[in-house]
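Here the structure comes first, spelled out in structure tokens, and everything after it is commentary.
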Amino acid sequence: MTEYERSHTMPAPPEQVFDQAANVGQMGDWLPADLHVRAERLPAVTVHEDRTDEDTSALLRAERDQMRIEWGTREQGGYAGWLQVAGIDSGASEVTVHLSFFEGGHDPGEEQVTGALDDSLRRLERQVRLRVDNAAG
């Protein structure tokens, strides 16, 4: 098993960050560009990966009271992950995302995964900023 974890600070309260991250219809705005999530009957989702051109059945659970999103594959035990939002001083939040790959064939490698996680967290921050700016303006 291989695990990766990255964190990023965002200039918004945890509730706003969590609501943006947990919105299944807008996950494509911040997830890696080659991943697409389509909701079925939650918690069931389908994840399409452009790299392999495959659809994978997965589960996605968002627990607002815990500010946590968890996901993982269903039929095959390829990967699982979570995203946790925590409030920090002055109305900002820290977002931590964690991925676990249970089979080597699913793990694209440290450089690619950490780059994708960092990029996704920056994209999520942009979406959060847009939402906060639109609410203020």
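Being a predicted model, the structure only gives us computed values, none of them experimental.
The minimum heavy-atom distance linking A62 with A22 is given by the pair CB-CB, 3.9 Å. A21 approaches M27 most closely through the heavy-atom pair O-CE, 3.3 Å. Scanning all heavy atoms of the two residues, the minimum distance from R61 to L59 falls at NH1-CD1, 4.0 Å. The two residues D50 and A33 make their nearest non-hydrogen contact at OD2-O, 3.8 Å. P13 and S93 make their closest contact through C-OG, 3.1 Å (heavy atoms, listed as atom of the first residue, atom of the second, distance).
Side-chain contact check for L60 versus P43: every heavy-atom pair is 4.5 Å or farther apart. With a 4.5 Å cut-off on side-chain heavy atoms, M67 and E15 count as touching. For the pair T96 and L83, the minimum side-chain heavy-atom distance is 4.5 Å or more. P32 is listed as a side-chain neighbour of L35, based on a closest heavy-atom distance under 4.5 Å. By the 4.5 Å heavy-atom criterion applied to side chains, T46 and V37 are not counted as neighbours. Using a 4.5 Å heavy-atom threshold, the side chains of R122 and L124 count as separate.
The line from CZ of R129 to CD of Q20 is 13.5 Å long, rounded to the nearest 0.5 Å. Annotation: the span from D119 atom CG to T114 atom OG1 amounts to 11.5 Å, rounded to 0.5 Å. Between the OG atom in S7 and the NE2 atom in H98 there is a gap of 11.0 Å [rounded to 0.5 Å].
The cluster map of Ile, Leu, Val, Met, Phe, Trp and Tyr, joined by side-chain heavy atoms under 4.5 Å apart, puts W82 and L42 in different clusters. In terms of hydrophobic clustering, with Ile, Leu, Val, Met, Phe, Trp and Tyr side chains grouped at heavy-atom distances under 4.5 Å, L31 and Y4 are assigned to a common cluster. Under the 4.5 Å side-chain heavy-atom criterion for grouping Ile, Leu, Val, Met, Phe, Trp and Tyr, F18 is connected to V24 within one hydrophobic cluster.
Residues D19 and R64 are paired through a salt bridge, judged by an N-O separation under 4.0 Å between the basic side chain and the carboxylate. A salt bridge links E70 and R68; the closest N-O separation between the charged side-chain nitrogens and carboxylate oxygens is under 4.0 Å.
Of the residues T9, L121, V128, the one that meets the side chain to side chain contact (heavy atoms under 4.5 Å, CB included) test with V95 is L121. Under the side chain to side chain contact (heavy atoms under 4.5 Å, CB included) rule, D118 has a single partner from R6, H8, R123, which is R6.
Under the 3.5 Å distance criterion, with hydrogens and angles disregarded, no donor-acceptor pair is assigned to the side chains of H48 and E54. Using a 3.5 Å distance cut-off with no hydrogens or angles, the side chains of E3 and S100 do pair a donor with an acceptor. A donor-acceptor pair shorter than 3.5 Å cannot be found between the side chains of Q26 and Q127.
In D89, the CG atom is not crowded: 12 or fewer heavy atoms of neighbouring residues, nucleotides or ligands sit closer than 6.0 Å.
Listed for the E49 side chain is no donor-acceptor partner under 3.5 Å among the backbone atoms of D55. A donor-acceptor pair under 3.5 Å links the side-chain atoms of S120 to the main chain of W30, judged by distance alone. Side chain of T73 to backbone of A58: no donor-acceptor contact under 3.5 angstrom is found.
Y79 and F101 have tilted rings, their planes meeting at an angle from 30° to 60° on a 0 to 90° scale.
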